[in-house]
Amino acid sequence: MCGRCVVDISEQQFAEIFPGAVLSPELGDSSWNLAPTQHLPILVMSHKQPGQRRVELARWSLTPPWSPTLQTSFPTFNARAETAATKATWQDPLRSRRCVVIMNGFYEWSGSQGKRIPHYIQAPHQPMLVAGLYGWWRDPEAEGPDAWHLTAAVLTDEAEGPVSALHDRMPVFIEEAHIDAWIDPANPGAGSLLEMVREGGRRIARQLRIDEVAPLKGDGPHLTDPV
């Protein structure tokens, strides 16, 4: 999965999609060309208040707590589902800090390096919900609430369905029936839960809509218009 997505969801839409969830007051900004290290919305379940769901903004690139800086020396905006349980960066988040990344769709490219053609990919129902991992990173040089940064990564899998013609990877799409089990920190993430979510993601992948779009320049809803 390439690192560009669309987030255009109002506060009212968040409330309708996730009834009863606590919404961050920072939600609301839209982007049709959102890149890693920018912020995107995620759904999590509170560790302190079991059962309480929250929609928060997270920096799109998970920073492990042992990293000396917020910016890691290797890309962490995507995590491979096949190896997440065995990699140091992803093991702890997969165990108890799983989230749903909320977007409208994402871009993928086809063609040679000299002529890359962008495509906009949407799920059959809006918004597109993707399994993710999150964590908190503390800035050792800061104090108070500003020292803490919420960061997240998109879980990816081998591509299936229409997207496989463009790329060998895709996000792990998550079915609505699996959301609460996935974000519940009391559930172990590896094993049967992960496999259940991956299988559901493959079902969604077979229904994706893909449109060729113009080269991505700037930002705005026109970027998703088919050409």
Side-chain angles (χ1 to χ4, degrees), residues 1-7 9 22-48 53-103 106-109 113 116 128-157 167-172 174 182-183 185 188-190 194 216-219:
M1 173 189 172
C2 282
R4 287 292 188 277
C5 71
V6 173
V7 175
I9 307 168
V22 177
L23 305 181
S24 167
E26 300 176 340
L27 299 173
D29 290 342
S30 297
S31 175
W32 292 265
N33 193 8
L34 195 147
T37 73
Q38 294 181 302
H39 287 73
L40 79 179
I42 65 172
L43 176 73
V44 300
M45 188 173 288
S46 173
H47 280 244
K48 296 181 179 179
R53 304 195 300 177
R54 306 184 64 89
V55 179
E56 303 282 358
L57 277 183
R59 184 178 186 269
W60 184 15
S61 284
L62 192 149
T63 304
W66 36 263
S67 175
T69 58
L70 181 61
Q71 181 69 46
T72 59
S73 59
F74 52 93
T76 58
F77 57 92
N78 290 339
R80 297 175 72 96
E82 303 94 322
T83 57
T86 62
K87 301 294 184 181
T89 301
W90 315 119
Q91 282 177 322
D92 284 346
L94 180 61
R95 187 174 297 118
S96 63
R97 292 191 299 279
R98 299 175 303 275
C99 65
V100 173
V101 178
I102 310 160
M103 62 179 72
F106 66 98
Y107 299 98
E108 197 54 81
W109 280 256
Q113 194 62 36
R116 303 285 281 166
M128 177 181 281
L129 304 178
V130 176
L133 306 174
Y134 77 95
W136 288 94
W137 181 80
R138 186 184 185 282
D139 184 347
E141 299 183 0
E143 298 291 339
D146 291 341
W148 292 94
H149 296 263
L150 180 62
T151 67
V154 167
L155 207 62
T156 69
D157 208 342
H167 201 280
D168 60 352
R169 304 294 297 176
M170 68 178 187
V172 176
I174 188 164
W182 176 251
I183 64 176
L194 179 58
L216 302 187
K217 295 180 180 179
D219 203 343

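Please read these numbers as outputs of a predicted model, since none were measured by experiment.
Here CZ of R4 is found 12.0 Å from CD of E108. Values are rounded to the nearest 0.5 Å. For the atom pair CE (M170) and CG (L155), the distance works out to 10.5 Å, reported to the nearest 0.5 Å. Rounding to the nearest 0.5 Å places CH2 of W90 at 5.5 Å from CG of L62. In this structure, CG on L57 lies 7.0 Å from NE2 on H39, to the nearest 0.5 angstrom. In this structure, CZ in R97 is found 6.5 Å from NE2 in H47, a value given to the nearest 0.5 Å. Note: S96 OG to Q91 CD = 12.0 Å, rounded to the nearest 0.5 Å.
Counting all heavy atoms, side chain and backbone alike, V6 lies closest to W32 at CG1-CD1, 3.5 Å. Closest of all the heavy-atom pairs between W60 and C5 is CZ3-SG, 3.9 Å. The two residues I42 and Y134 come nearest to each other via the heavy atoms CD1-CB, 4.0 Å. Across all their heavy atoms, R98 and L94 have their closest contact at NH1-O, 2.9 Å. Residues A79 and L133 share a closest heavy-atom pair of CB-CD1, 4.2 Å. Considering every non-hydrogen atom in both P36 and F77, the closest pair reads CG-CG, 3.6 Å.
The shortest distance between side-chain heavy atoms of R138 and P65 does not fall below 4.5 Å. When side chains are defined from C-beta on, L27 does not count as touching I9, because their heavy atoms never get closer than 4.5 Å. Between S31 and L40, the closest side-chain pair of non-hydrogen atoms is not below 4.5 Å. Under the 4.5 Å side-chain criterion, counting only non-hydrogen atoms from C-beta, R59 is in contact with L70.
The backbone N or O of I174 lies less than 3.5 Å from no partner atom in the side chain of W182, so there is not a single donor-acceptor pair. No donor-acceptor pair under 3.5 Å is formed between the side chain of D157 and the backbone N or O of V172. T76 contributes no side-chain N or O that, together with a main-chain N or O of T63, makes up a donor-acceptor pair within less than 3.5 Å.
For the side chain to side chain contact (heavy atoms under 4.5 Å, CB included) criterion with V55, the lone passing option out of V100, L43, V44 is L43.
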Exercise. List the steps, then state whether side-chain contact (heavy atoms from CB on, under 4.5 Å) holds for W66 with T89.
Key: CA-CA 9 Å; W66 36 263; T89 301; 3.9 Å; yes

